[in-house]
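Source: prediction; values computed, not measured. Throughout, protein chains are lettered first and strands after them, A, B, ... in sequence-line order, and every chain is numbered starting at 1.
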Protein chains: 2
Amino acid sequence: MAATKDPRPCSIADALALVGEKYSLLVLREVCLGNGRFDQLVRNIGAPRDILAARLRRLVDAGILTKRVYSERPQRFEYRATQAGLELEPVLMTLKEWGDRHIRKGADLPMAVEHICGNELVPVVTCRACGEEVRHEDLTARPQAPGWTRTGPTAA
Amino acid sequence: MAATKDPRPCSIADALALVGEKYSLLVLREVCLGNGRFDQLVRNIGAPRDILAARLRRLVDAGILTKRVYSERPQRFEYRATQAGLELEPVLMTLKEWGDRHIRKGADLPMAVEHICGNELVPVVTCRACGEEVRHEDLTARPQAPGWTRTGPTAA
DNA sequence: AGTGGAGAGTTTGATTTTCAAACCTGGCGC
DNA sequence: GCGCCAGGTTTGAAAATCAAACTCTCCACT
């Protein structure tokens with residue numbers, strides 16, 4: 001699980017180290033939908049039970065999920081998203097939108113999400129400062145830590 | 001790589017099946033930054049060379065990257081993002097922002113991105129229809145395909 | 001008092017992936 | 001001809017994943 005050499009320090013890599021393992025983001029999808037019981041997760045995600053158990057432990061340890069008792073005697077549990085977990089939902093929605101367009105190509109979409117404004121949610125990533133939609137050609141990286149000044153041995 | 005039983009049909013799962021393997025999104029990060037050469041990718045990501053080669057093949061096959069010759073004799077290659085690939089960049093930015101806040105907690109951020117408006121980019125996911133920021137409590141799922149009506153055996 | 005079933009996992013043993021390091025294959029540069 | 005670079009492939013060992021079976025606790029029924 002440790003990276004080989006000295007990859008770049010990067011919040012994207014950090015985030016993926018926490019939630020980038022197989023099934024983790026699907027767990028979050030289900031939990032955000034309110035389906036936080038073990039057997040629901042197994043069925044809806046299609047993950048092996050042992051792997052799922054490992055992921056749940058990790059997500060709870062990372063503070064993304066909490067494990068709640070919803071019934072003493074018989075003891076039953078339910079996983080819920082913490083604030084940090086809920087704040088990943090926009091990432092999921094953006095990923096869903098990308099998948100809708102580029103993989104399913106707009107046909108036979110299996111699920112839609114409705115926004116409180118009454119319309120179907122189509123997520124758009126915008127710049128907090130100016131409100132414009134974020135597009136690749138409008139971005140410039142500004143390295144701030146070593147590991148970012150070297151882009152590679154030969155590159156400028 | 002195939003899912004066990006019959007998980008939900010879902011664009012999030014579809015998207016993750018393509019770009020959710022370890023290193024794939026980091027490859028996209030580097031390629032979006034313009035560091036698309038094999039050895040740069042190895043160094044900046046810290047991935048084993050064979051795994052990286054496998055990921056690159058997959059991403060090219062999926063139409064997310066293209067492999068370009070930037071020098072005949074000696075033959076040298078460079079990977080670039082297609083339009084579909086570039087459209088994943090907002091997802092990466094949103095993930096970066098989450099990592100900045102929840103993992104690095106705002107301290108010593110290794111990289112910033114500047115938006116064309118002149119400010120540092122802080123991505124916000126908004127609703128295309130109303131422009132409001134997307135928050136969990138404003139969303140309602142609307143199942144459209146079988147596999148979404150069953151939330152689990154016991155749930156409503 | 002025994003049978004069965006749900007929920008929430010754990011165990012087991014076989015299969016896949018990952019990994020690190022070594023190797024290979026042109027084509028220069030000298 | 002010698003070494004080096006870029007862009008991979010090969011190899012063998014270590015780790016992760018998988019499906020199925022199993023455990024354990026409680027409750028419901030008969």
Student: Looking only at side-chain atoms of B/Asp39, point me to the closest of C/dT18, D/dG7, D/dG8.
Tutor: D/dG7
Student: Would you indicate what A/Phe38 reaches in the nucleic acid, counting non-hydrogen atoms under 4.0 angstrom: base, sugar-phosphate, or nothing?
Tutor: base
Student: Could you write nucleotides 24-29 of chain C as a row of B, S and -, 5' to 3', where a protein heavy atom under 4.0 Å of any base atom gives B, of only sugar-phosphate atoms gives S, and otherwise -?
Tutor: --BSS-
Student: Ignoring backbone atoms, test whether B/Lys22 places a side-chain nitrogen or oxygen under 4.0 Å from the OP1 or OP2 oxygen of C/dC19.
Tutor: yes
Student: In whole Å, I'd like the distance from the CZ atom of B/Phe77 to the P atom of D/dG8.
Tutor: 6 Å
Student: If you look at every heavy atom in A/Thr94 and A/Pro90, which pair is closest and at what distance?
Tutor: OG1-O, 2.7 Å
Student: Between D/dT17 atom C1' and B/Glu21 atom CD, what is the distance in whole Å?
Tutor: 13 Å
Student: When the distance from CZ of B/Arg57 to P of C/dT17 is rounded to whole Å, what number comes out?
Tutor: 14 Å
Student: For the pair B/Thr126 (side chain) and A/Val124 (backbone), establish whether a donor and an acceptor sit closer than 3.5 Å, ignoring hydrogens and angles.
Tutor: yes
Student: Tell me: CG of B/Leu52 to P of C/dT17, nearest whole Å?
Tutor: 17 Å
Student: Ignoring hydrogens and angles, does a donor from either the side chain of B/Arg37 or the base of D/dG7 sit under 3.5 Å from an acceptor on the other?
Tutor: no
Student: So which residues get pulled into B/Ile116's cluster when ILVMFWY side chains under 4.5 Å apart are joined, directly or through others?
Tutor: none
Student: Check whether any side-chain N or O of A/Lys22 sits under 3.5 Å from a backbone N or O of B/Lys22 as a donor-acceptor pair, and report yes or no.
Tutor: no
Student: What nucleotide, of D/dT17, D/dG7, C/dT10, holds the atom closest to the side chain of A/Ile51?
Tutor: D/dT17
Student: Looking only at the side chain of B/Tyr70 (C-beta and beyond, no hydrogens), which of the listed nucleotides C/dA22, D/dA6, C/dG7 gets closest?
Tutor: D/dA6
Student: A/Asn44 has an atom CG; how far is it from atom P of C/dG7, in whole Å?
Tutor: 13 Å
Student: D/dG8, C/dA8, C/dC19: which one has an atom nearest the side-chain heavy atoms of B/Tyr79?
Tutor: D/dG8
Student: Who pairs with A/Leu86 by side chain to side chain contact (heavy atoms under 4.5 Å, CB included), at least two apart in sequence or on another chain?
Tutor: A/Cys32, A/Ala81, A/Gln83, B/His136
Student: Under 3.5 Å, side chain of A/Arg142 to main-chain N/O of B/Ala112, donor-acceptor pair present?
Tutor: no
Student: When you check the phosphate oxygens OP1 and OP2 of C/dT12, does a side-chain N or O of A/Arg49 lie under 4.0 Å from one of them?
Tutor: no
Student: From C-beta outward on B/Pro48, which listed nucleotide comes closest to its side chain: C/dC19, C/dT12, C/dA8?
Tutor: C/dC19
Student: Can you confirm whether the side chains of B/Glu87 and A/His102 place a donor and an acceptor under 3.5 Å from each other?
Tutor: yes
Student: Measure from CG on A/Leu41 to C1' on C/dG9 and round the result to the nearest Å.
Tutor: 12 Å
Student: Rounding to an integer number of Å, can you tell me how far B/Arg43 CZ sits from C/dA20 P?
Tutor: 16 Å
Student: Using whole Å, report how far CD of B/Gln40 lies from P of D/dG7.
Tutor: 8 Å
